[in-house]
Number of protein chains: 2
Amino acid sequence: MLRKVSTSAGRRASTPAEDGQHAASAVHDLLASFIRLTPRDMSLTSVSTLSTLNRTGPRRITELAASEGVTQPSVTALVASLVRDGFVERLSDPADRRVVMVAITKEGEAYLRDRRAASTEIFAEAVEKLSAEEAATLTAALPVVERLRDVVDELRSLRQGQAREKRQSEPDA
Amino acid sequence: MLRKVSTSAGRRASTPAEDGQHAASAVHDLLASFIRLTPRDMSLTSVSTLSTLNRTGPRRITELAASEGVTQPSVTALVASLVRDGFVERLSDPADRRVVMVAITKEGEAYLRDRRAASTEIFAEAVEKLSAEEAATLTAALPVVERLRDVVDELRSLRQGQAREKRQSEPDA
DNA sequence: CGAGAACATATAGACAAGTTATATATCCTG
DNA sequence: CAGGATATATAACTTGTCTATATGTTCTCG
């Protein structure tokens with residue numbers, strides 16, 4: 001029934017465009033599910049910020065604004081609320097007293113672990129219901145999925161940079 | 001045979017549960033990143049609602065609140081704004097004059113199509129940055145992603161029933 | 001060296017999208 | 001047909017985002 005998933009061989013009469021359509025629909029719908037399932041106790045941007053800090057270590061407010069694709073005042077506010085929760089701390093850079101370095105705390109790391117477990121629970125459960133062959137195919141694609149996330153991250157920075165420039169050069173069209 | 005998917009060679013003695021967790025995390029991160037690239041002209045809940053109406057036909061306000069996982073007043077507001085945009089209409093049920101049936105319009109369907117197309121485009125753009133081999137691996141996994149969506153949908157409906165019961169029996173724990 | 005441009009963050013004010021609590025209108029049931 | 005249950009609406013509040021601008025720090029160059 002489902003199209004013989006032999007790792008990269010079985011690509012038959014489907015055009016890339018069709019594949020793209022299918023992919024987009026599936027991704028689109030998974031997104032919708034993801035949204036409805038995700039805990040609402042913290043904004044996606046805050047979670048993503050926490051995740052970035054966890055992966056890359058302490059970052060400036062402005063760096064976070066760029067990487068998360070939100071404005072600097074938003075990050076200031078978001079960091080303030082993460083500080084209230086004890087998930088990050090604000091450190092000063094002795095070399096430049098204007099900057100605020102934001103670092104994740106142990107509590108922040110713990111929160112991230114719990115959160116991820118909760119969010120992925122249903123996906124993990126779903127993956128277990130797949131056949132062995134399906135699961136294997138998915139496993140084979142995992143590194144690519146991770147790559148794709150990096151690519152998407154990159155696209156977001158680019159895109160937001162562009163949007164920002166455009167707004168500056170066309171103040172009110 | 002099954003677990004020989006040696007696309008990325010050195011991964012051996014992984015259990016299905018581990019695979020599930022890993023896959024879930026990877027998919028989770030991709031979605032979390034991708035979602036912030038999608039157009040912001042409408043709330044995710046509204047898009048999801050529109051999508052539900054498109055799939056299942058007209059629904060009551062309260063049914064939508066349940067299926068989208070938001071409160072009834074939120075749906076009332078959200079529907080009001082969709083009506084302003086011309087994407088849904090409010091119909092009355094002759095059998096029960098309390099209820100409001102919400103139905104998607106042609107314009108709503110068109111919006112949804114455009115929105116999906118936009119997602120496709122972004123996704124395609126990201127995939128184009130992968131190597132041919134990576135793209136092929138991903139393509140092989142697409143049918144599985146679609147299956148995953150279906151399984152997640154199924155699990156979600158089960159889970160929501162449970163959550164609702166629980167909330168009713170434990171008003172304030 | 002010092003004045004002013006550039007930069008990093010903070011603050012203010014507005015808006016959108018949720019929430020809870022409650023009001024209103026309709027239905028159902030004994 | 002009175003009163004409880006149900007479906008939706010309204011009000012008041014919170015949160016997260018934005019733009020515009022203020023404040024404090026660093027850099028540059030005459």
Side-chain angles (χ1 to χ4, degrees), chain A residues 35-50 58-85 87-103 156 160 163-172, chain B residues 32 35-50 58-85 87-103 164 167-168 171-172:
Chain A
I35 284 313
R36 285 177 289 207
L37 289 169
T38 202
R40 301 228 164 109
D41 60 335
M42 188 186 288
S43 79
L44 288 173
T45 309
S46 294
V47 175
S48 173
T49 300
L50 222 41
R59 283 280 175 271
R60 299 175 169 205
I61 298 273
T62 38
E63 287 175 330
L64 291 174
S67 71
E68 305 306 321
V70 295
T71 63
Q72 170 264 310
S74 298
V75 175
T76 294
L78 166 173
V79 164
S81 121
L82 288 175
V83 167
R84 265 195 303 282
D85 291 337
F87 293 159
V88 304
E89 38 185 14
R90 296 163 49 104
L91 309 172
S92 50
D93 179 352
D96 185 341
R97 294 194 312 195
R98 292 170 303 178
V99 331
V100 173
M101 299 299 289
V102 183
R156 183 176 50 240
Q160 255 136 14
R164 224 161 283 285
E165 281 163 28
K166 193 178 171 192
R167 221 174 293 140
Q168 282 183 341
S169 56
E170 300 171 14
D172 53 351
Chain B
I35 204 167
R36 312 230 307 291
L37 266 181
T38 61
R40 299 279 179 97
D41 59 337
M42 187 184 289
S43 83
L44 295 165
T45 310
S46 294
V47 175
S48 175
T49 300
L50 222 41
R59 282 281 173 272
R60 300 177 169 203
I61 298 273
T62 38
E63 286 175 331
L64 289 174
S67 73
E68 304 309 320
V70 294
T71 61
Q72 169 265 309
S74 296
V75 176
T76 293
L78 166 174
V79 164
S81 119
L82 288 174
V83 167
R84 266 196 301 281
D85 291 338
F87 294 158
V88 303
E89 36 184 17
R90 295 164 49 104
L91 309 171
S92 50
D93 179 352
D96 185 341
R97 293 193 315 196
R98 292 170 303 177
V99 331
V100 174
M101 299 299 290
V102 183
R164 212 155 296 281
R167 219 174 296 143
Q168 283 183 339
D172 54 352

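Proteins get letters first, then strands, A, B, ... in listed order; numbering begins at 1 in each.
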Produce the list of close N/O pairs, under 3.5 Å, pairing protein atoms with atoms of nucleotides 1-3 of chain C; give distances to one decimal.
none

All N/O pairs under 3.5 Å across the protein-nucleotides 11-18 of chain C interface:
unit_1, atom_1, unit_2, atom_2, d
C:dG18, OP1, B:Ser43, OG, 3.2
C:dG18, OP1, B:Thr45, OG1, 2.8

Under 3.5 Å, which N/O atoms of the protein pair with N/O atoms of nucleotides 27-30 of chain C?
unit_1, atom_1, unit_2, atom_2, d
C:dC27, OP1, B:Arg97, N, 2.7

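Regarding contacts with the backbone of D:dT8, every side-chain N or O of B:Arg60 stays at 4.0 angstrom or more from both OP1 and OP2. Put simply, B:Thr62 has no side-chain N or O that comes within less than 4.0 Å of OP1 or OP2 on D:dT6.
Legend: residues meeting salt bridge (charged side-chain N to carboxylate O under 4.0 Å, His left out) with A:Arg97, ordered by chain and number and at least two apart, are absent. In this structure A:Ser43 satisfies the side-chain contact (heavy atoms from CB on, under 4.5 Å) test together with A:Thr45, A:Ser46, sequence neighbours excluded. Here A:Arg90 pairs with nothing under the side-chain hydrogen bond (donor to acceptor under 3.5 Å, both in side chains) rule; sequence neighbours left out. Judged as a side-chain hydrogen bond (donor to acceptor under 3.5 Å, both in side chains), and not counting sequence neighbours, B:Ser81 has no contacts. Residues passing the salt bridge (charged side-chain N to carboxylate O under 4.0 Å, His left out) test with A:Asp85, sequence neighbours excluded: none. Residues passing the salt bridge (charged side-chain N to carboxylate O under 4.0 Å, His left out) test with B:Asp93: none are found, sequence neighbours excluded.
Rounding to whole angstrom units, CG of residue B:Leu91 and P of D:dT8 are separated by 12 Å. In this structure, A:Arg84 atom CZ and D:dT15 atom C1' are separated by 10 Å, rounded to whole Å. Straight-line distance from the CZ atom of B:Arg59 to the P atom of D:dT8: 13 Å, rounded to whole Å. For the pair A:Ile61 CD1 and C:dT9 P, the computed distance is 6 Å after rounding to whole Å.
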Exercise answer: donor-acceptor pairs, residues 70-78 of chain B side-chain atoms, under 3.5 Å, sequence neighbours excluded:
unit_1, atom_1, unit_2, atom_2, d
B:Thr71, OG1, B:Ser74, OG, 2.9
B:Gln72, NE2, B:Thr76, OG1, 3.1
B:Thr76, OG1, B:Gln72, O, 3.4

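In plain terms, the two heavy atoms of B:Glu68 and A:Arg40 that are nearest each other are O-NH2, 4.3 Å.
Residues B:Leu82 and B:Met42 meet the side-chain proximity criterion, which asks for heavy atoms closer than 4.5 Å. Put simply, the side chain of B:Met101 does not reach to within 4.5 Å of the side chain of B:Arg59, judged on heavy atoms.
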